There are 2 protein chains.
Amino acid sequence: MKIKQLASFTGVSAKTIRYYEDIGLLPKAKRGGNGYRYYHEQDVTSLKFIRRCKELRIPLADIKRLVVVQGSGNAPCRQVDTIIFQQLEKIRVAQYELEQLERNLKTLANCCDHEQIKDCEILKHLRAN
Amino acid sequence: MKIKQLASFTGVSAKTIRYYEDIGLLPKAKRGGNGYRYYHEQDVTSLKFIRRCKELRIPLADIKRLVVVQGSGNAPCRQVDTIIFQQLEKIRVAQYELEQLERNLKTLANCCDHEQIKDCEILKHLRAN
DNA sequence: CTTGACCTTCCTGTAACTGGAAGCTTTATT
DNA sequence: AATAAAGCTTCCAGTTACAGGAAGGTCAAG
């Protein structure tokens with residue numbers, strides 16, 4: 001199949017597929033005599049795997065490591081574990097930050113009485129030491 | 001004062017200060033005969049304002065609008081409001097996404113029995129349709 | 001035989017910086 | 001006074017994960 005079909009099977013744009021090939025996340029596709037890239041079922045699987053990782057917000061660099069490690073059948077899967085746990089930790093840190101943020105923004109949002117700029121409580125808060 | 005001093009007063013690096021000037025978030029600094037930038041108290045205030053906005057994760061483009069709007073004393077402060085509320089909304093969307101994410105990652109993290117790569121449940125899940 | 005869809009590569013832009021090179025000026029030390 | 005170190009300048013490249021678009025080749029349909 002050609003690139004656009006792979007794209008529609010996987011929900012990953014053709015542009016992005018080429019990009020993944022560029023950075024070595026996907027192997028170099030076989031080319032026809034016309035220079036077109038041609039793909040197989042296997043590529044659908046690979047791309048879906050990548051897409052699923054992306055949904056977990058795993059950075060491409062880590063996804064690459066996951067892809068590579070899949071080839072090494074008998075190795076222990078500590079690397080996989082680590083990536084997932086680190087990701088989970090990142091998410092938790094982000095959650096904590098967003099909580100603080102939400103509280104601060106809520107306070108700020110509530111303080112405005114829709115006055116004129118020069119009396120705006122929001123701006124006053126933002127300027128405050 | 002020179003740029004590094006402004007940096008230390010505000011907690012914004014000299015590099016970043018120059019960058020802010022470049023993109024027009026800060027006004028062009030006055031230069032001495034040597035080409036050095038020189039700053040006043042006012043600039044400390046401006047930068048602290050920006051820093052506070054940054055802590056709320058307001059994008060620089062929006063911070064710029066806040067900076068500009070501060071000059072227009074008698075205008076209604078609807079723009080300010082809007083930016084804050086949009087920001088709050090963004091944060092809430094992000095929180096929601098992170099919640100889903102955390103759940104998914106937790107499930108994944110718990111399914112691994114530290115086996116070999118070829119039997120790794122995490123990878124199996126990631127490959128699953 | 002031409003139109004339109006699809007393919008290719010390459011370049012640019014995004015957000016908000018950070019790092020580093022090359023080359024001044026100023027300050028401190030010897 | 002000479003020199004070294006710190007601080008300043010500009011400019012270029014890199015970061016992340018692509019998207020948009022130009023220029024040009026290819027293929028199927030009418």
Side-chain angles (χ1 to χ4, degrees), chain A residues 1-26 28-40 43 46-67 83 86-87 90-91 94 97 101, chain B residues 1-26 28-40 43 46-47 49-67 83 86-87 90-91 93-94 97 101:
Chain A
M1 83 191 76
K2 283 180 283 185
I3 197 165
K4 202 160 193 200
Q5 193 152 22
L6 177 59
S8 80
F9 281 168
T10 57
V12 177
S13 78
K15 205 111 201 193
T16 300
I17 294 172
R18 289 192 204 99
Y19 172 69
Y20 287 168
E21 183 179 321
D22 278 354
I23 62 168
L25 183 53
L26 287 176
K28 304 233 171 202
K30 277 161 196 157
R31 303 298 184 107
N34 47 17
Y36 288 15
R37 292 172 177 81
Y38 287 97
Y39 298 96
H40 302 286
D43 299 303
S46 304
L47 254 181
K48 280 189 177 169
F49 174 82
I50 294 172
R51 212 203 46 194
R52 204 153 289 120
C53 292
K54 285 237 59 185
E55 285 165 8
L56 298 170
R57 305 230 190 147
I58 298 174
L60 291 189
D62 286 341
I63 300 180
K64 205 164 168 179
R65 292 203 280 149
L66 290 177
V67 168
I83 288 173
Q86 279 175 357
Q87 188 59 19
K90 273 191 228 167
I91 299 300
E97 288 173 6
L101 227 61
Chain B
M1 84 191 74
K2 283 180 281 185
I3 198 164
K4 201 158 192 202
Q5 194 154 22
L6 177 60
S8 80
F9 280 168
T10 58
V12 177
S13 78
K15 205 111 200 193
T16 300
I17 295 173
R18 288 191 204 101
Y19 173 69
Y20 286 168
E21 183 180 321
D22 279 353
I23 62 169
L25 183 54
L26 287 176
K28 305 233 172 202
K30 277 163 195 155
R31 303 297 185 108
N34 48 17
Y36 287 15
R37 292 171 177 82
Y38 287 96
Y39 298 96
H40 301 286
D43 299 303
S46 304
L47 254 181
F49 174 83
I50 294 171
R51 212 202 46 194
R52 204 154 287 120
C53 292
K54 286 237 59 187
E55 285 165 8
L56 298 170
R57 305 230 190 149
I58 299 174
L60 291 189
D62 286 340
I63 299 180
K64 205 164 167 178
R65 293 203 280 147
L66 290 177
V67 168
I83 288 173
Q86 279 175 357
Q87 188 59 19
K90 272 191 230 166
I91 300 301
V93 170
E97 288 172 9
L101 227 61

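Side chains included, hydrogens not; waters and symmetry mates left out as well; all remaining heavy atoms used. A note on names: the letters A, B, ... follow the listed sequences, proteins ahead of strands, and every chain is numbered from 1. Just so we're clear, the structure is a prediction, and the values are computed from it rather than from any experiment.
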Here the distance between atom P of C:dC7 and atom OH of A:Tyr19, to the nearest Å, is 21 Å
Separation of C:dA15 atom C1' from B:Asp62 atom CG, nearest Å, is 13 Å
Whole-Å distance, A:Lys4 NZ to C:dG4 P, equals 16 Å
Checklist entry - Is any side-chain heavy atom of B:Leu47 less than 4.5 Å from a side-chain heavy atom of B:Tyr39? => result no
**Prompt:** Is B:Arg31 touching bases, backbone alone, or none of the nucleic acid, heavy atoms closer than 4.0 Å?
**Reply:** sugar-phosphate
- Message: With a 4.0 Å limit, can you tell me whether B:Arg18 has a side-chain N or O closer than that to the phosphate oxygens OP1/OP2 of C:dG19?
- Response: no
Atom CG of B:Leu26 and atom P of C:dA16 are separated, to the nearest Å, by 14 Å
request  = Measure from the side-chain N and O atoms of B:Arg51 to the backbone N and O of B:Thr10, and report whether any donor-acceptor pair falls under 3.5 Å.
outcome  = yes
To the nearest angstrom, the CZ-C1' distance between A:Arg51 and D:dA17 comes to 17 Å
When rounded to whole Å, the CD1 to C1' distance for the pair B:Ile63 and C:dA15 reads 12 Å
When all nucleic acid strands are considered with a 4.0 Å heavy-atom cut-off, which category describes A:Ile3: base, sugar-phosphate, or nothing? sugar-phosphate
When rounded to whole Å, the CD to C1' distance for the pair A:Glu21 and D:dC18 reads 16 Å
### Query
If only side-chain N and O atoms of A:Ser13 are considered, is one of them under 4.0 Å from the OP1 or OP2 phosphate oxygen of D:dC18?
no
- [ ] Scan B:Arg37 against the nucleic acid and name what it touches under 4.0 Å (heavy atoms): base, sugar-phosphate only, or nothing.
- [x] sugar-phosphate
Separation of D:dC11 atom C1' from B:Ile23 atom CD1, nearest Å, is 17 Å
Side chain A:Lys15 and base D:dG20 donor-acceptor under 3.5 Å: yes
(message) Using modelled atom types and a 3.5 Å cut-off, is there a donor and acceptor pairing between side-chain atoms of A:Lys90 and backbone atoms of A:Arg57?
(response) no
Per nearest nucleotide of DNA chain D, the residue lying toward the 5' end, A:Tyr36 or B:Ala14, is B:Ala14
Quiz item: Going by heavy atoms in the side chains, are B:Asp43 and B:Ile17 under 4.5 Å from each other?
Solution: no
### Message
Taking 4.0 Å as the cut-off, does a side-chain nitrogen or oxygen of A:Tyr20 come that near to OP1 or OP2 on D:dC18?
### Response
yes
Q) Do the side chains of A:Leu101 and B:Glu55 get nearer than 4.5 Å, heavy atoms only? A) no
- Task: Check whether any side-chain N or O of A:Thr16 sits under 4.0 Å from OP1 or OP2 of D:dA17, and answer yes or no.
- Result: no
Out of C:dT9, C:dC17, D:dT26, minimum distance to the side chain of A:Asn34 belongs to D:dT26
By nearest-heavy-atom nucleotide on DNA chain C, the more 5' of B:Lys2 and B:Leu60 is B:Leu60
| field | C:dA16 OP1/OP2 closer than 4.0 Å to side-chain N/O of B:Lys54 | value | no
